[in-house]
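These notes concern the structure reproduced below.
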Amino acid sequence: MLTPMDIHNKEFKRGFRGYSEEDVDAFMDDVAGDYEKVYREYCELKERCDKLQDKLSQYEKMESTMNSTLMLAQQTAENVKVSARKEADLILQEASNKKKQMMDETTLSLQASQQELDKIKSQTRSFRAKCRAILTSQLRLLDDMVIDGEDTEVDDTTNETPNEETTEEAVKTEE
């Protein structure tokens, strides 16, 4: 590319009856001046274009980095969701297992309590039956004694002899 200095320093050969040297020099000076302006503008525009190209390159790198970061953030969010779902499922499973275990323990405890209650009821029935048998046997003994005539005791406060009916009533009220 020609520089303004190349135009300014250009020398033409002189020929016989050539152009007027002054007119050519004046025209060359005008051309050199205009060319110098255009050349400066070109250099400034080229420099500006290089700066803009650098900025564009920088912005493209930033865009690439932001896209990578966005993709990473999306993957991380997806991983967090999956992890949270798994943890929630695990917590629900543990709660279900604990509930089942507690229900089983409660059922066993209830069965044990029911067996204990049945045992106590059985023992109570047995005790009552033994008491009833003892009392019945004692009543028979008393009846036998009264029949034989050996028992002639009189109650000092009421002057009555105890009879079988009052004794049976006392036994029934105890039941």
Side-chain angles (χ1 to χ4, degrees), residues 1 3 37-148 150-175:
M1 174 177 247
T3 65
K37 279 185 199 174
V38 170
Y39 186 76
R40 278 190 198 135
E41 285 178 13
Y42 169 76
C43 289
E44 287 173 7
L45 289 174
K46 186 171 189 223
E47 187 178 316
R48 187 171 174 207
C49 183
D50 288 343
K51 287 180 182 177
L52 290 174
Q53 192 66 34
D54 288 344
K55 281 188 177 181
L56 178 63
S57 201
Q58 196 174 27
Y59 288 137
E60 286 173 346
K61 286 179 185 176
M62 286 173 53
E63 179 186 21
S64 174
T65 302
M66 290 174 83
N67 284 337
S68 297
T69 303
L70 180 61
M71 293 295 284
L72 181 63
Q74 287 174 340
Q75 288 175 349
T76 302
E78 210 43 53
N79 289 343
V80 167
K81 282 183 190 176
V82 168
S83 176
R85 282 188 192 122
K86 285 181 181 178
E87 189 174 342
D89 289 343
L90 182 63
I91 288 170
L92 288 173
Q93 184 66 34
E94 286 177 3
S96 177
N97 290 343
K98 199 171 207 177
K99 174 187 159 192
K100 186 178 184 302
Q101 180 184 3
M102 290 173 72
M103 290 295 288
D104 291 344
E105 288 174 0
T106 303
T107 302
L108 288 175
S109 176
L110 181 62
Q111 288 173 350
S113 296
Q114 187 64 42
Q115 288 174 352
E116 185 67 25
L117 179 62
D118 291 345
K119 182 179 173 184
I120 290 172
K121 283 181 178 180
S122 173
Q123 288 174 348
T124 303
R125 279 192 296 268
S126 174
F127 178 75
R128 292 178 92 188
K130 286 179 184 177
C131 285
R132 184 171 283 136
I134 291 171
L135 288 173
T136 303
S137 125
Q138 292 295 319
L139 286 172
R140 281 188 195 144
L141 184 62
L142 282 173
D143 286 344
D144 289 343
M145 291 172 119
V146 169
I147 291 174
D148 290 340
E150 294 176 12
D151 187 23
T152 56
E153 288 183 21
V154 177
D155 190 1
D156 292 338
T157 58
T158 61
N159 293 331
E160 293 182 11
T161 56
N163 61 23
E164 188 176 319
E165 291 176 6
T166 56
T167 309
E168 286 180 9
E169 288 176 12
V171 170
K172 285 182 183 178
T173 57
E174 286 182 12
E175 290 179 4

Between CD on residue E41 and SG on residue C43, distance to nearest 0.5 Å
10.5 Å
Can you tell me how far CG of L117 sits from CG of L110, rounded to the nearest 0.5 angstrom?
10.5 Å
Could you please spell out the steps behind the salt bridge (charged side-chain N to carboxylate O under 4.0 Å, His left out) verdict for D89 and R85?
CA-CA 6 Å; D89 289 343; R85 282 188 192 122; over 6 Å; no
Here's a test for you: under side chain to side chain contact (heavy atoms under 4.5 Å, CB included), which of Q74, K81, Q75 qualifies with E78?
K81
Using a 3.5 Å distance criterion without hydrogens, assess whether the side chain of S109 forms a donor-acceptor pair with backbone atoms of E105.
no
Looking at K51 and E47, does any basic side-chain N land under 4.0 Å from a carboxylate oxygen?
yes
Which distance, rounded to the nearest 0.5 Å, do you find between the OH of Y59 and the CG of L52?
9.5 Å
Near Q123 CD, under 6.0 Å, is it more than 12 heavy atoms from other residues, nucleotides or ligands?
yes
Between S126 and S122, is there a donor-acceptor pair closer than 3.5 Å when you use the side chain of the first and the backbone of the second?
no
Give a yes or no answer on whether the side chain of S96 reaches the backbone of L92 with a donor-acceptor pair at less than 3.5 Å.
no
When you compare the side chains of D118 and Q114, does any donor N or O come within less than 3.5 Å of an acceptor on the partner?
yes
Are R125 and K121 side-chain neighbours, meaning at least one heavy-atom pair lies under 4.5 Å?
yes
CD of Q138 to CG of L142, rounded to nearest 0.5 Å, is 7.0 Å
For L56, what residues pass the side chain to side chain contact (heavy atoms under 4.5 Å, CB included) criterion, not counting sequence neighbours?
Q53, E60
Residue pair T136, R140: steps toward the side chain to side chain contact (heavy atoms under 4.5 Å, CB included) verdict:
CA-CA 6 Å; T136 303; R140 281 188 195 144; 3.8 Å; yes
Find the distance between CD (Q58) and CE (M62) and round it off to the nearest 0.5 Å.
7.0 Å
To the nearest 0.5 Å, what is the distance between CG on L135 and SG on C131?
6.5 Å
Quick one about Q101 and N97 (side-chain donor to acceptor, distance below 3.5 Å, no hydrogens or angles considered), yes or no?
no
Lys/Arg-Asp/Glu bridge criterion (N-O < 4.0 Å) met for K46, D50
no
Side-chain contact test, heavy atoms from C-beta onward, threshold under 4.5 Å: evaluate it for E63 versus N67 and give yes or no.
yes
